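To start, the structure under review is shown below, and the notes come after it.
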Amino acid sequence: VLFVPGLPATLSPAWLVNVGGITLPTCERCGAKTAVYHCPQHEANFCTDCNELQHQPDSVFVYKHERRLFKPQLISKIGWHIEGANLIFEAVAKHLATLGPRNGRVKHLVALPLVGTGKGGARESVGDLVVQLLPVLYEALDKYGFDIALVTLRRPMFAAIQMARQRFPQAFDALSPRLKPQASELATVARQGNLVLFLGSGISAGAGMPVWSSLLDTLAKKCGLSDRERSSLRKMDYLDQASVIEIRLGGTESLAREIARHLIIHNYSLACCLLAGLPVHEVVTTNYNKMFEMASGSVGLRCAVLPYSPALGIDRWVLKMHGCVDHPEDIVLTRGDYMRYSNRRSALRGIVQSLLLTRHILFVGFSLNDDNFHRIADDVRQALSIKDQ
C-alpha cells in the first residue's frame with residue numbers, strides 16, 4: 001500500500017494499493033493454469049482455454065446453457081479488489097490514529113471508489129462485486145471506527161449498491177424508529193417529483209467552508225478591529241456585525257469582494273453530494289458559494305442559477321436568494337441589504353412563496369432564523385389563513 005505524497009493541504013490524503021501478488025485459484029479442468037472464470041452451473045473454476053472447451057456449443061442444449069445459465073465472472077479480479085479494500089483500510093487506520101477528523105467531523109471520513117468498475121476488469125460483475133464488498137465495509141466500520149463513503153460515478157452502480165444495502169440491518173441504524181417512516185415518506189415525495197430542497201450554510205461546513213460567525217470574525221480581523229472590538233462585535237446580530245464591517249472596509253463593494261474571495265471552493269461536502277443525487281428539480285439556497293452546482297455537475301445534472309441564467313434545457317434550477325459569488329454586487333448580508341430585499345428581489349420572493357404553498361420542502365443546514373425567510377413565510381401563512389376563513 002503506497003501513500004501518495006505531495007498533494008495540496010486542501011485535499012485529503014490518498015493511498016494506492018497493488019494487489020497483483022494475491023494467489024489465484026487453479027483451473028479445475030486442466031489443473032495447470034490460473035482460473036479466471038467461474039461457472040455456477042458446474043460450480044467450478046476454469047482457465048480461458050478450458051472454459052471454452054467446457055462450454056463448446058456442440059448441441060442446442062449446451063448452447064442454451066451457455067447463453068442463459070453460464071455467466072462467466074472474473075472471480076479472481078473481484079477477489080483482488082476486495083483484498084485491496086481491506087489493505088487500504090488497514091493502512092488508513094494506522095495513518096489516522098494520531099490525527100483528528102477534518103472540518104469539524106466527529107469521525108474521520110474515508111472515501112473508497114467502487115473498486116475495479118472503471119478499467120479494473122470488474123465492470124461486468126458489478127452486482128457480484130457489491131455483494132462481496134459491502135460486508136467488508138461494515139466490518140471496517142466496526143473495526144476501525146471511521147465513516148466510509150463508497151463513491152460511484154454512474155447511476156446504475158449507485159442504484160445497485162442502494163438495493164444491496166437493504167439486505168444489511170445495520171445500514172440504517174442511525175435512524176430512530178420515529179425517523180424511519182418519515183424518511184420513507186420523504187423518499188416517496190422525492191420520487192413523485194414534489195420535493196424541493198432549501199439549503200443553508202450548514203451543508204458547506206463539511207468541506208471546510210466557514211460558517212457565518214467565523215467568516216464575520218475573519219473579516220473583522222481583515223478590517224483591523226482589535227480583539228476587544230471583535231469581542232464586542234460578536235454580541236451583535238450578524239446583520240449588524242456585517243454593517244459595521246462594511247463601513248470599516250470602505251463600502252458595499254469592498255465587503256462583497258472580500259466575501260466572494262473567502263467563499264471560493266475547490267471541492268464539496270459529502271452532504272452536498274448526497275443531496276445533489278436526489279431526484280429534485282427545484283432548489284432554494286441562501287448560500288453564495290457554488291458548491292451545490294458543482295456537486296450536481298458531478299452526478300451529471302445541469303443547473304441553471306436563478307436569476308442569472310434561464311431555466312431552459314436543464315435538469316434543475318437553483319435559486320440564490322442572497323446572491324452568488326459570481327455576482328458580488330448582489331450579495332445580501334447587511335441590515336440595509338435585508339431592508340431593501342423586498343423591493344429589489346420581489347420576483348425571487350414570489351417563487352419561494354409559490355414553492356411554500358405548493359411543494360414539500362426539506363430544509364437542510366438552514367437555521368430558520370433568516371429575516372427574509374420569515375417575512376416570506378409570514379406572507380404565506382397569511383394567505384393560507386385568508387383561505388381558511
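We number each residue from 1, following the sequence as shown. Predicted, not measured: the structure shown is a model, and the values here were computed from it.
- No donor-acceptor pair under 3.5 Å is formed between the side chain of Asn287 and the backbone N or O of Asn289.
- Under the 4.5 Å side-chain contact rule for hydrophobic residues, Val130 and Leu112 share a cluster.
- Of all non-hydrogen atoms in Ser296 and Ala276, the two that sit nearest each other are N-CB, 3.8 Å.
- At a threshold of 4.5 Å between non-hydrogen side-chain atoms, the residues Ser213 and Arg234 do not count as touching.
- In this structure, CD1 in Ile203 is found 11.5 Å from SG in Cys273, a value given to the nearest 0.5 Å.
- A pairwise comparison of heavy atoms in Gly200 and Thr286 identifies CA-OG1, 3.9 Å as the closest pair.
- Shown here is Glu139, whose CD atom has no more than 12 heavy atoms of other residues, nucleotides or ligands within 6.0 Å.
- Within the structure, the ring-ring contact (aromatic ring centres under 6.0 Å, His included) test picks out no pair touching residues 239-261 (sequence neighbours left out).
- A 6.0 Å sphere centred on CE of Met236 holds more than 12 heavy atoms belonging to other residues, nucleotides or ligands.
- Going from atom CG of Leu129 over to atom CG of Leu134 covers 9.0 Å, rounded to the nearest 0.5 Å.
- Of the possible polar contacts, one joining the Arg302 side chain to the Gly313 backbone as a donor-acceptor pair under 3.5 Å is found.
- Taking each heavy atom of Arg102 and Ser12 in turn, the nearest pair found is NH1-CA, 3.1 Å.
- The distance from atom CG of Leu233 to atom NZ of Lys235, rounded to the nearest 0.5 Å, is 11.0 Å.
- Scanning all heavy atoms of the two residues, the minimum distance from Pro101 to His108 falls at N-CE1, 3.4 Å.
- Each of Val284, Leu348, Leu306 was checked for a side chain to side chain contact (heavy atoms under 4.5 Å, CB included) with Met321, and the lone residue meeting it is Val284.
- The closest side-chain heavy-atom distance from His95 to Val92 is not below 4.5 Å.
- Under the 4.5 Å side-chain heavy-atom criterion for Ile, Leu, Val, Met, Phe, Trp and Tyr, Val151 and Ile161 are members of distinct hydrophobic clusters.
- The pair Lys320-Asp330 does not meet the salt-bridge criterion, since no charged nitrogen lies less than 4.0 angstrom from a carboxylate oxygen.
- The OG atom of Ser232 lies 11.0 Å from the CZ atom of Arg230; values are rounded to the nearest 0.5 Å.
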request  = Apply side chain to side chain contact (heavy atoms under 4.5 Å, CB included) to the pair His360 and Gln192, showing each step before the final yes or no.
outcome  = CA-CA 11 Å; His360 192 120; Gln192 293 171 345; over 6 Å; no

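- Residues Arg105 and Asp147 have side chains in contact (heavy-atom distance under 4.5 Å, counting atoms from C-beta outward).
- Side-chain heavy atoms closer than 4.5 Å link hydrophobic residues (I, L, V, M, F, W, Y) into clusters, and following such links, even through other members, never connects Val299 to Leu362.
- In this structure, the separation between CD on Gln132 and CD1 on Ile82 is 5.5 Å, given to the nearest 0.5 Å.
- In Gln162, the CD atom is crowded: over 12 heavy atoms of neighbouring residues, nucleotides or ligands sit closer than 6.0 Å.
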inquiry  = Go through it in stages, so that I can follow the logic: the residues are Phe89 and Ile148, the test is side chain to side chain contact (heavy atoms under 4.5 Å, CB included), and I'd like the CA-CA distance, side-chain angles, deciding distance and then a yes or no.
reply    = CA-CA 10 Å; Phe89 291 143; Ile148 299 174; 3.8 Å; yes

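- Residues His81 and Leu133 are not in side-chain contact: their nearest non-hydrogen atoms beyond the backbone lie 4.5 Å or more apart.
- Residues Leu87 and Trp15 have side chains not in contact (no heavy-atom distance under 4.5 Å, counting atoms from C-beta outward).
- Note on Leu255 and Val244: same hydrophobic cluster, where clusters join Ile, Leu, Val, Met, Phe, Trp and Tyr whose side-chain heavy atoms are under 4.5 Å apart, directly or indirectly.
- The closest donor-acceptor contact from the side chain of Thr218 to the backbone of Ser214 lies under 3.5 Å.
- When hydrophobic clusters are built by joining Ile, Leu, Val, Met, Phe, Trp and Tyr residues whose side-chain heavy atoms come closer than 4.5 Å, directly or via intermediates, Leu225 is grouped together with Tyr238.
- A donor-acceptor pair is defined here as one N or O able to donate and one able to accept, closer than 3.5 Å; such a pair exists between the side chain of Thr285 and the backbone of Leu199.
- In Lys180, the NZ atom is crowded: over 12 heavy atoms of neighbouring residues, nucleotides or ligands sit closer than 6.0 Å.
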query = Going through the distances and angles, do Arg257 and Leu249 end up as a side chain to side chain contact (heavy atoms under 4.5 Å, CB included)?
reply = CA-CA 10 Å; Arg257 283 197 300 269; Leu249 286 175; over 6 Å; no

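- Within 6.0 Å of OH in Tyr138 there are more than 12 heavy atoms belonging to other residues, nucleotides or ligands.
- Side-chain atoms of Gln353 do not come within 3.5 Å of backbone N or O of Val380 as any donor-acceptor pair.
- A distance-only check finds a donor-acceptor pair linking the side chain of Tyr288 to the backbone of Val332 [under 3.5 Å].
- With values rounded to the nearest 0.5 angstrom, Gln241 atom CD is found 5.0 Å from Leu216 atom CG.
- Listed here is the closest heavy atom pair of Ala207 and Asn103: C-ND2, 3.6 Å.
- At a threshold of 4.5 Å between non-hydrogen side-chain atoms, the residues Ser309 and Trp317 do not count as touching.
- Of all heavy-atom pairs between Pro181 and Pro177, the closest is CD-O, 3.0 Å.
- Using a 4.5 Å heavy-atom cutoff, the side chains of Val280 and Val196 are not in contact.
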Side chain to side chain contact (heavy atoms under 4.5 Å, CB included) evaluation trace for Leu96 with Val110 = CA-CA 10 Å; Leu96 298 178; Val110 178; 4.2 Å; yes

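- Looking at Leu197 and Phe292, their side chains come closer than 4.5 Å, going by heavy atoms from C-beta outward.
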